Number of protein chains: 2
Amino acid sequence: MLLALLDGKAYTANELARAAGITPQTASFHLDKMSKAGLLALLRQGRYRYFRLAGPDVARTLESILSLQHAPSPRQIVSSCPARLRAARTCFDHVAGALGVRIYRALTSRGWTTHAGAQFAVTAAAADFLGELGIPGDTLPVKSTPCLDWSEREFHFAGDFGRLLLQAMLSHRWVLGGKSRQLTLTEAGQRRLAAWEI
Amino acid sequence: MLLALLDGKAYTANELARAAGITPQTASFHLDKMSKAGLLALLRQGRYRYFRLAGPDVARTLESILSLQHAPSPRQIVSSCPARLRAARTCFDHVAGALGVRIYRALTSRGWTTHAGAQFAVTAAAADFLGELGIPGDTLPVKSTPCLDWSEREFHFAGDFGRLLLQAMLSHRWVLGGKSRQLTLTEAGQRRLAAWEI
DNA sequence: GTACAGGTTCGACGGGTATCGAAGTATGGA
DNA sequence: TCCATACTTCGATACCCGTCGAACCTGTAC
């Protein structure tokens with residue numbers, strides 16, 4: 001299970017059980033122990049309980065152990081999400097899927113958001129970025145809740161900021177919506193995203 | 001036992017058993033397993049079997065694990081060697097004790113010796129050093145056997161080089177011998193050693 | 001509400017494994 | 001030659017721990 005979690009993503013107890021070739025009860029037993037020992041972080045979201053490595057130090061230690069002795073690979077965890085929705089979709093009122101995760105990664109690595117506990121907030125450093133979106137600067141602080149992406153198992157932006165972001169991207173035609181939840185990234189949107197990622 | 005070995009020194013099965021608070025049989029059982037798993041290196045010397053961590057990668061992994069969770073310290077391993085002999089003494093025909101280990105460390109970190117398996121040899125880079133000792137350069141290659149120091153549990157030089165080294169240090173009066181195995185480092189010797197260690 | 005899926009808790013079982021006593025094998029010293 | 005010491009092997013025991021079946025809890029969907 002730890003090996004499966006080594007990709008940094010979050011997985012449910014059932015998925016990890018399948019990856020390790022054990023029953024969900026057994027997995028639950030071990031996951032509970034590892035959580036209490038501080039190796040894993042638990043994230044309750046609806047009826048799902050996502051587990052992920054508690055931090056980069058745990059990942060480093062695991063890698064270190066693996067460098068000594070190769071362990072058998074866990075069974076691959078397959079996503080049940082259709083590829084189209086996986087790429088980009090709406091999650092209630094914000095962007096989800098691989099696109100949502102890309103945005104989250106780009107903005108956090110730029111320092112445009114800070115997290116205080118479970119709450120995220122857009123920083124003053126993001127003023128230009130907000131202007132680009134057409135969001136007036138005096139709306140700061142814009143709050144956000146990190147939401148674990150169902151298909152990607154990484155975070156994307158939800159909350160106020162997530163809503164404003166989707167609205168702006170739609171109005172600039174950086175993404176196109178449809179009647180389904182699917183989103184399509186336009187060429188203009190790709191250029192914009194690439195600029196944020198630099 | 002692994003915690004006790006984390007100082008990089010080599011210890012016997014009995015010592016490690018005492019450090020871990022288990023019987024020698026149990027220690028032997030585990031040490032055998034860890035040796036076969038490639039975690040420990042075994043060094044037979046007479047009737048003693050010295051165990052040490054197989055390499056710096058093992059030490060790094062242990063440190064990494066310890067950084068996640070503090071483990072109880074093992075019982076201290078006490079040396080039964082009198083302090084005087086521990087500082088500097090002869091071991092048959094070469095220098096042993098803390099002094100021998102210091103010399104070994106200084107010369108190896110300078111690249112003046114290379115090891116091919118269990119055999120050590122003095123390199124050409126040590127020409128000036130050999131001249132200083134009064135050993136003619138054409139005696140190269142001077143071979144050496146690393147000998148695990150009984151009191152320090154680290155290596156010192158034995159073999160041809162160990163013998164030549166002791167003779168030279170005695171004739172230059174860098175160390176003084178006596179009727180016992182004890183050696184005394186003179187002031188000139190201290191200066192010389194400090195120069196090698198730079 | 002009812003059905004269902006994700007998840008946990010409980011209890012019991014079975015195998016593994018750490019442990020030590022006793023006995024055996026080497027090595028070194030008296 | 002004899003003994004002490006270092007260490008291992010063997011065998012037996014006790015217990016820990018991983019495992020799963022069954023039952024229970026808790027959200028989501030219709």
Side-chain angles (χ1 to χ4, degrees), chain A residues 1-5 9-37 39-52 71-72 74-75 77-81 85 91-92 96 147-151 153 158 180-181, chain B residues 1-5 9-37 39-52 71-72 74-75 77-81 85 91-92 96 147-151 153 158 180-181:
Chain A
M1 296 196 286
L2 287 172
L3 292 177
L5 289 166
K9 299 186 177 182
Y11 294 106
T12 67
N14 269 324
E15 290 170 330
L16 292 170
R18 246 171 287 137
I22 53 177
T23 58
Q25 305 96 289
T26 308
S28 181
F29 169 75
H30 289 284
L31 291 169
D32 181 56
K33 276 191 140 180
M34 293 193 279
S35 293
K36 280 175 182 157
L39 292 178
L40 301 182
L42 173 58
L43 207 89
R44 294 163 200 267
Q45 200 154 291
R47 66 170 146 178
Y48 296 99
R49 303 188 66 179
Y50 291 104
F51 292 92
R52 62 197 166 102
R75 215 172 302 173
I77 298 174
V78 287
S79 172
S80 59
C81 181
L85 287 179
C91 171
F92 303 102
C147 172
L148 193 64
D149 195 279
W150 172 68
S151 61
R153 304 312 173 85
S180 79
R181 295 172 55 197
Chain B
M1 295 196 288
L2 287 171
L3 292 176
L5 288 166
K9 299 187 178 180
Y11 295 107
T12 67
N14 270 325
E15 289 171 331
L16 292 170
R18 244 171 289 136
I22 54 177
T23 59
Q25 305 97 287
T26 308
S28 181
F29 170 75
H30 289 284
L31 292 169
D32 181 55
K33 275 191 142 180
M34 292 193 279
S35 292
K36 280 176 182 157
L39 292 179
L40 301 181
L42 174 57
L43 208 88
R44 293 164 200 268
Q45 200 154 292
R47 66 172 147 176
Y48 296 99
R49 302 187 65 179
Y50 291 104
F51 292 91
R52 62 198 166 103
R75 213 171 305 172
I77 298 174
V78 287
S79 172
S80 59
C81 181
L85 287 180
C91 171
F92 303 101
C147 173
L148 195 64
D149 195 280
W150 173 68
S151 62
R153 305 313 172 86
S180 80
R181 295 172 54 197

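Here the structure is a predicted model, which means the values were calculated and not measured. A note on names: the letters A, B, ... follow the listed sequences, proteins ahead of strands, and every chain is numbered from 1. Reckoned from all heavy atoms, side chains included, excluding hydrogens, waters and symmetry mates.
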**Complete:** Contact string for nucleotides 12-21 of chain C, one letter per nucleotide 5' to 3', B = base within protein heavy-atom range under 4.0 Å, S = sugar-phosphate only, - = neither, reads ------SBBB
**Complete:** Heavy-atom contacts, protein to nucleotides 25-30 of chain C, under 4.0 Å, summarised as B (base), S (sugar-phosphate only) or - (none) per nt, yield --BS--
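Put simply, CG on B:L42 is 17 Å from P on D:dA6, counting in whole angstrom units. Between the CG atom of B:L31 and the P atom of D:dT9 there is a distance of 12 Å, given to the nearest Å. Summarising the geometry, the separation between OH on B:Y11 and P on D:dA6 is reported as 16 Å, rounded to the nearest angstrom. Separating the CZ atom of A:R49 from the P atom of D:dT28 is a distance of 14 Å, rounded to the nearest angstrom. Rounded to a whole Å, the CG atom of A:L43 is 12 Å from the P atom of C:dG7. Residue A:R44 contributes atom CZ, which lies 11 Å from atom C1' of D:dT26 at whole-angstrom precision. Note: CG (A:N14) to P (C:dA5) measures 11 Å, nearest angstrom. In this entry the distance linking NZ of A:K36 with C1' of C:dT8 reads 11 Å, nearest Å.
Taking OG of B:S35 as the reference point, atom CG of B:L42 lies at 5.5 Å (rounded to 0.5 Å). Atom CG of B:L31 and atom CG of B:L5 lie 7.5 Å apart (nearest 0.5 Å). Here B:S28 contributes atom OG and B:K33 contributes atom NZ; the two are 12.5 Å apart, rounded to the nearest 0.5 Å. Once rounded to the nearest 0.5 Å, the distance linking CD1 of B:I77 with CE of B:M1 reads 10.5 Å.
Minimum interatomic distance between B:A96 and B:C91 (heavy atoms only, all atoms of both residues): CB-CB, 3.6 Å.
Judged as a side-chain contact (heavy atoms from CB on, under 4.5 Å), and not counting sequence neighbours, the contacts of B:L43 are B:Q45, B:Y50, B:R52, B:L148, B:F155. In this view, A:S151 and A:R89, A:D149 satisfy the side-chain hydrogen bond (donor to acceptor under 3.5 Å, both in side chains) rule, not counting sequence neighbours. B:Y11 is linked by a side-chain hydrogen bond (donor to acceptor under 3.5 Å, both in side chains) to B:D7, counting only residues two or more places apart in sequence or in another chain.
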Below 3.5 Å, can you tabulate the donor-acceptor pairs from side chains in residues 15-26 of chain A to any protein atom, sequence neighbours excluded?
unit_1 : atom_1 : unit_2 : atom_2 : d
A:E15  : OE1    : A:T12  : N      : 2.9
A:E15  : OE1    : A:T12  : OG1    : 3.3
A:E15  : OE1    : A:R153 : NH1    : 2.5
A:E15  : OE2    : A:R153 : NH1    : 3.1
A:E15  : OE2    : A:R153 : NH2    : 2.7
A:T23  : OG1    : A:Q25  : OE1    : 3.4
A:T23  : OG1    : A:T26  : OG1    : 3.0

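When distances run from any side-chain atom of A:A13 to the nucleotides C:dG6, D:dC7, C:dT8, the shortest one goes to C:dT8.
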